[in-house]
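This report refers to the structure that appears directly beneath it.
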Amino acid sequence: MSLRSHGTAAFFLLLLCSTMIPAAAQTAKKASVGGKDFDAAAAAQARRFLEEGRETFRFDTFGSEDFWGGKLKLHEAIAGEKLGGKGPGLSPKEALELGLKVDLNAVPKDVAAALNKAKVDLDDPASTLLLLKANAVVGVTGFFGDDGKTLTSVGIQCAVCHSTVDDAYAPGIGRRLDGWPNRDLNIGAIVGLAPDLTAFTEMLQISEADVRKAVAAWGPGKFDAELNLDGKAFRPDGKTAATLNPPAFGLAGVNNHTWTGAWGNVSYWNAYVGNLEMHGKGVFYDPRLDDAEKYPVAARTKQGHKQDGEDRITAKLPALHFYQLSLPTPQPPDGTFDSAAAEKGKALFNDKSKCAACHVPPLFTEPGWNLHTADEIGIDDFQAKRSPDGRYRTAPLRALWNMDKVHKGGFYHDGRFATLEDVVEHYNDHLKLDLSAQEKDDLIEYLKSI
């Protein structure tokens, strides 16, 4: 090809490009979303996620009724033989004693009026079914037959463990407090009501008596979320391996959302609990659970590779995550702490007591990889070793003023420290802080203020 031919080809190529570039740019401009539109879309999604996430958190069973009702037949124990089930049934009084809560806003007006006149028999299981039919039992859904009266199954929701009520009407009956841990809920005792525990005996490969012994040891406010993985029902010292239900509020900006290390954030734990603890229908993947030495039960039952034919969990994780991160930390009411002493305690927190080295304000946990060895915090490593990386999370300090609900049962993963005084004393000894009695008091007042 001649030099002239090359020049002609280059000219036409340049002409073609100059024609196409504006067209392409124009096409891209039409296909793009303007900043104003995108901001509006983000705001709309936030509103939608808030509403959908709240609905999921409060009311979605994820299909868990096939396990709790279909396999364990828990609904039969709730109804009792007089109402088509087995045994004496579960009365509202007994349900409240087990730590279940009643949503006052969901109680039908005629039932509320009857309650006010003491005309509802709280010793009758039929009254429990009435509350279930009204969807008024926090975290539990009742399923009824065509007659509208026969309880045919029960499923559970996130709210059963991670919501309580404000006791506005009576203890256990009030308006919902989402994200507040239910430290009254005796999950083990509720599981123990089930007529058929075959699902647990087969999974754990132990006797029914041993299953009942394990869950009975949990007590109020505790649950063992790793028993289904490693089969360790008890610590070496004979105490239960269960841990306290943690608060699910004030977690925005916080890494690692469980007591022990590297499980993952809120969304991981929602998928884990929804699939493996609530026994809903979905998909769950975690190849770490294939470690037969560390997680023998999970490896044998392939819990890290769960693939149900129907997935009622995965699509709900984004909105559920958003809603949980929206839950604020409850602020201390007036008179909860001594403000003058708290101001002195704040200076101690940030300096002499070394608290802020890990509990970095205002997150009050490390902004980053917030995990520590048992030796660093001066406790045993049993629970940490059950986690993927053998460490404990720096728990974000939240609502430490509230011992009636949020921290009922104590502090740390297993409630080993009954009071803030015990926690401060532990670190005073472990870190050799040499705090005076007055300094300890001031520090505690500050802790109650955050």
Side-chain angles (χ1 to χ4, degrees), residues 54 57 99 101 138-139 158-168 171-172 174-185 220-223 243-259 265-266 269 323-339 341-343 345-346 348-350 353 355-356 358-367 370 392-424 426-427 440-450:
R54 181 190 296 117
F57 185 88
K101 306 297 180 183
V138 175
C158 304
V160 71
C161 290
H162 298 293
S163 285
T164 186
V165 296
D166 63 5
D167 302 331
R175 294 177 289 269
R176 288 175 182 261
L177 293 168
D178 283 350
W180 291 50
N182 188 345
R183 294 284 178 89
D184 297 316
L185 187 67
K222 288 186 176 182
F223 175 69
T243 59
L244 288 166
N245 291 336
F249 53 62
L251 292 179
V254 176
N255 190 35
N256 289 309
H257 288 139
T258 53
W259 293 116
N265 65 9
V266 167
W269 208 245
Y323 176 61
Q324 287 168 291
L325 293 186
S326 77
L327 299 173
T329 300
Q331 296 303 300
D334 291 342
T336 306
F337 63 93
D338 182 324
S339 56
E343 196 62 30
K346 181 178 181 180
L348 290 164
F349 183 93
N350 291 315
S353 70
C355 303
C358 298
H359 298 282
V360 183
L363 287 179
F364 295 104
T365 186
E366 289 100 341
N370 53 345
Y392 289 106
R393 178 193 66 157
T394 300
L397 306 182
R398 300 287 186 265
L400 300 178
W401 53 273
N402 187 292
M403 293 298 295
D404 294 332
K405 293 183 180 294
V406 179
H407 297 289
K408 186 175 184 178
F411 297 94
Y412 275 48
H413 58 283
D414 53 8
R416 65 181 58 201
F417 298 119
T419 66
L420 286 175
E421 287 81 0
D422 294 335
V423 176
V424 169
H426 168 72
Y427 280 108
K440 293 174 189 175
D441 290 343
D442 291 342
L443 182 58
I444 289 167
E445 292 305 303
Y446 175 64
L447 292 172
K448 291 191 292 185
S449 76
I450 57 179

Working note: Leu244 + Trp259, criterion side chain to side chain contact (heavy atoms under 4.5 Å, CB included); need CA distance, chi angles, decisive distance, verdict.
CA-CA 9 Å; Leu244 288 166; Trp259 293 116; 4.2 Å; yes
Tell me yes or no: between the side chains of Ser163 and Asp178, is some donor less than 3.5 Å from an acceptor?
yes
Might you point out which heavy atoms bring [X] and [Y] nearest each other, and give the distance in Å?
| X | Y | result |
| --- | --- | --- |
| Leu327 | Ala248 | CD1-O, 3.8 Å |
| Arg183 | Gly410 | NH1-O, 3.6 Å |
| Ile444 | Val424 | CG1-CG2, 3.8 Å |

Would you please name every residue forming a ring-ring contact (aromatic ring centres under 6.0 Å, His included) with Phe337, sequence neighbours left out?
none
side-chain contact (heavy atoms from CB on, under 4.5 Å) partner of Leu397, chosen from Thr365, Ile450, Leu363, Thr329
Ile450
With respect to Arg393, which candidate in Thr258, Asn370, Asn255 satisfies the side-chain contact (heavy atoms from CB on, under 4.5 Å) definition?
Asn370
Which of parallel (below 30°), tilted (30 to 60°) and perpendicular (above 60°) describes [X] and [Y]?
| X | Y | result |
| --- | --- | --- |
| Phe249 | Trp180 | perpendicular |
| Tyr412 | Phe417 | perpendicular |
| His359 | Phe349 | tilted |

Check: [X] side chain, [Y] main-chain N or O, donor-acceptor pair, under 3.5 Å:
| X | Y | value |
| --- | --- | --- |
| Ser353 | Leu348 | yes |
| Lys346 | Tyr446 | no |
| Asn265 | Asn256 | no |

Yes or no on side chain to side chain contact (heavy atoms under 4.5 Å, CB included) for Asp184 and Lys101, after CA distance, side-chain angles and deciding distance?
CA-CA 9 Å; Asp184 297 316; Lys101 306 297 180 183; 2.8 Å; yes
So do the side chains of Pro396 and His257 get within less than 4.5 Å of each other, counting heavy atoms only?
no
Heavy-atom check, side chain of Val406 versus side chain of Arg398, under 4.5 Å:
no
Evaluation steps, side chain to side chain contact (heavy atoms under 4.5 Å, CB included), between Leu447 and Cys355
CA-CA 10 Å; Leu447 292 172; Cys355 303; 5.6 Å; no
Rounded to the nearest 0.5 Å, the NE2 atom of His162 sits from the CG atom of Asn245 at a distance of 6.0 Å
What's the separation between atom CG in Leu177 and atom NZ in Lys405, rounded to the nearest 0.5 Å?
7.0 Å
Quick check: are there more than 12 heavy atoms from other residues, nucleotides or ligands sitting under 6.0 Å from NZ of Lys440?
yes
Who are the side-chain hydrogen bond (donor to acceptor under 3.5 Å, both in side chains) partners of Glu445, not counting sequence neighbours?
Lys448
